[in-house]
Amino acid sequence: KVIMLAQNPAIFPGTIRDNLLIGLKFSEKPLVSDEKLKEVLERVYLKKNLEEGIGNLSGGEKQRLALGRVMLMDPEVFLLDEPSSALDEATEELVIERMVQHVKENNKTLVMITHTKKIAQKYGDYLIEIKKGRVSPTKEQGNE
């Protein structure tokens, strides 16, 4: 019911398809069609062939691939640790916007750690800031 995606996600040997499907295999969930795999790649702005090997992927492409993998697993709660840290600002905006859209459309919960205040303020309903080891009061944003 809860899936965590680390800042430096595990990427497995094989193809793009193998990496998208491995989460479903590990959790013993039904595998999905290639069409569904292509849809999730589009959602995370990763223009790659399913048969392509993972050897030439950049850090940002690996993050997006892993984000697609957790989206396919369809948890109730997504815990994301810096899911866009390896992305440029424009791509980060696009990917996080799509992730938030996915969460809202499917009535899921998203808890995300980010150092990008702009992203947190734009997409967060509730913000918790940690400074110098101390937690500041929760700030309600009202983005619903």
Side-chain angles (χ1 to χ4, degrees), residues 1-131 135-136 138-144:
K1 293 187 178 197
V2 177
I3 301 282
M4 181 184 172
L5 180 61
Q7 181 174 354
N8 297 310
I11 300 297
F12 299 90
T15 64
I16 301 287
R17 176 186 288 110
D18 295 335
N19 271 271
L20 288 172
L21 292 175
I22 201 161
L24 296 171
K25 290 177 183 178
F26 284 154
S27 61
E28 298 179 347
K29 291 185 174 189
L31 300 184
V32 297
S33 68
D34 280 359
E35 191 60 39
K36 183 74 173 169
L37 297 178
K38 290 174 186 175
E39 286 174 21
V40 82
L41 287 177
E42 184 179 311
R43 186 170 283 270
V44 297
Y45 290 94
L46 189 56
K47 293 179 176 153
K48 297 289 180 181
N49 183 304
L50 293 173
E51 291 304 318
E52 187 174 331
I54 52 91
N56 293 327
L57 295 181
S58 70
E61 288 171 331
K62 289 175 182 177
Q63 272 192 325
R64 287 180 281 157
L65 176 61
L67 188 58
R69 180 172 60 219
V70 299
M71 291 170 82
L72 284 168
M73 294 178 70
D74 195 34
E76 291 300 313
V77 179
F78 293 89
L79 301 176
L80 307 181
D81 180 14
E82 295 283 352
S84 58
S85 63
L87 305 178
D88 62 70
E89 192 174 324
T91 305
E92 175 185 41
E93 178 82 23
L94 294 170
V95 170
I96 297 301
E97 182 176 335
R98 286 270 179 99
M99 183 65 196
V100 169
Q101 179 185 23
H102 173 80
V103 166
K104 288 182 178 189
E105 286 172 357
N106 294 284
N107 199 28
K108 307 292 183 177
T109 299
L110 171 62
V111 177
M112 181 171 50
I113 297 167
T114 182
H115 284 91
T116 310
K117 279 191 172 188
K118 178 181 164 188
I119 292 292
Q121 290 169 339
K122 183 172 182 176
Y123 296 106
D125 292 331
Y126 301 95
L127 302 181
I128 299 171
E129 188 172 13
I130 300 174
K131 269 190 184 175
V135 176
S136 70
T138 303
K139 300 173 188 174
E140 192 168 333
Q141 295 298 306
N143 292 342
E144 295 183 27

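Keep in mind that what you see is a predicted model, and the values were worked out from it rather than measured.
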* What's the shortest heavy-atom distance between Ala86 and Gly59, and which atoms? -> CB-C, 3.7 Å
* Heavy atoms, side chains only, cut-off 4.5 Å: are Leu37 and Ile16 in contact? -> no
* Could you tell me whether a side-chain N or O of Asn107 sits under 3.5 Å from a main-chain N or O of Val103, the two making a donor and an acceptor? => no
* To do: Without swapping roles, check the side chain of Gln63 against the backbone of Gln7 for a donor-acceptor pair under 3.5 Å.
  => yes
* **Spacing of Thr116 atom OG1 and Ile113 atom CD1 [to the nearest 0.5 Å]** => 12.5 Å
* Between CD of Gln121 and CG of Leu127, what distance do you get to the nearest 0.5 Å? -> 6.5 Å
* Under 4.0 Å between a Lys/Arg side-chain N and an Asp/Glu carboxylate O for Lys117 and Glu129? -> yes
* Asked: Stepwise, does the side chain to side chain donor-acceptor pair (under 3.5 Å) test hold for Gln101 with Tyr123?
  -> CA-CA 10 Å; Gln101 179 185 23; Tyr123 296 106; over 6 Å; no
* Asked: Between Ile11 and Asn19, is any pair of side-chain heavy atoms under 4.5 Å apart?
  -> yes
* **Side-chain heavy atoms of Lys62 within contact of Ile54, under 4.5 Å** => no
* State the CG-CE distance between Leu110 and Met99, to the nearest 0.5 angstrom. => 5.5 Å
* Asked: Quick one: does Ile96's side chain get under 4.5 Å of Pro83's, heavy atoms only?
  -> yes
* Taking Arg64 for its side chain and Tyr45 for its backbone only, find out whether a donor-acceptor pair lies under 3.5 Å. => yes
* **Beyond-backbone contact of Lys25 with Leu31, side-chain heavy atoms, under 4.5 angstrom** => yes
* Candidate list Glu89, Glu97, Glu92, test side-chain contact (heavy atoms from CB on, under 4.5 Å), partner Ile119, passing option -> Glu92
* Report yes if the side chains of Val70 and Phe78 come closer than 4.5 Å at any heavy-atom pair, otherwise no. => yes
* To do: Please name the residue in the list Arg98, Met71, His102 that meets the side-chain contact (heavy atoms from CB on, under 4.5 Å) test with Val44.
  => Met71
* Asked: Looking at side-chain heavy atoms only, is the closest gap between Leu67 and Leu80 below 4.5 Å?
  -> yes
* To do: May I ask you to test the Lys108-Asp74 pair for a side-chain heavy-atom distance under 4.5 Å?
  => yes
* Under 6.0 Å from the CG atom of Asp88, do we count more than 12 heavy atoms belonging to anything else shown? -> yes
* To do: State, to 0.1 Å, how close Gly23 and Met73 come at their nearest heavy-atom pair, and which atoms those are.
  => O-CE, 3.5 Å
* State, to 0.1 Å, how close Leu20 and Gly68 come at their nearest heavy-atom pair, and which atoms those are. => CD2-C, 4.0 Å
* **Non-neighbouring partners of Lys36 that pass side chain to side chain contact (heavy atoms under 4.5 Å, CB included), sequence neighbours left out** => Val32, Ser33, Glu39, Leu72
* Measuring from Lys48:NZ to Leu65:CG, what's the distance to the nearest 0.5 Å? -> 10.5 Å
* How far does CG of Leu94 sit from CZ of Arg43, to the nearest 0.5 angstrom? -> 13.0 Å
* **Expected output: side-chain Glu82 to main-chain His115 donor-acceptor under 3.5 Å** => yes
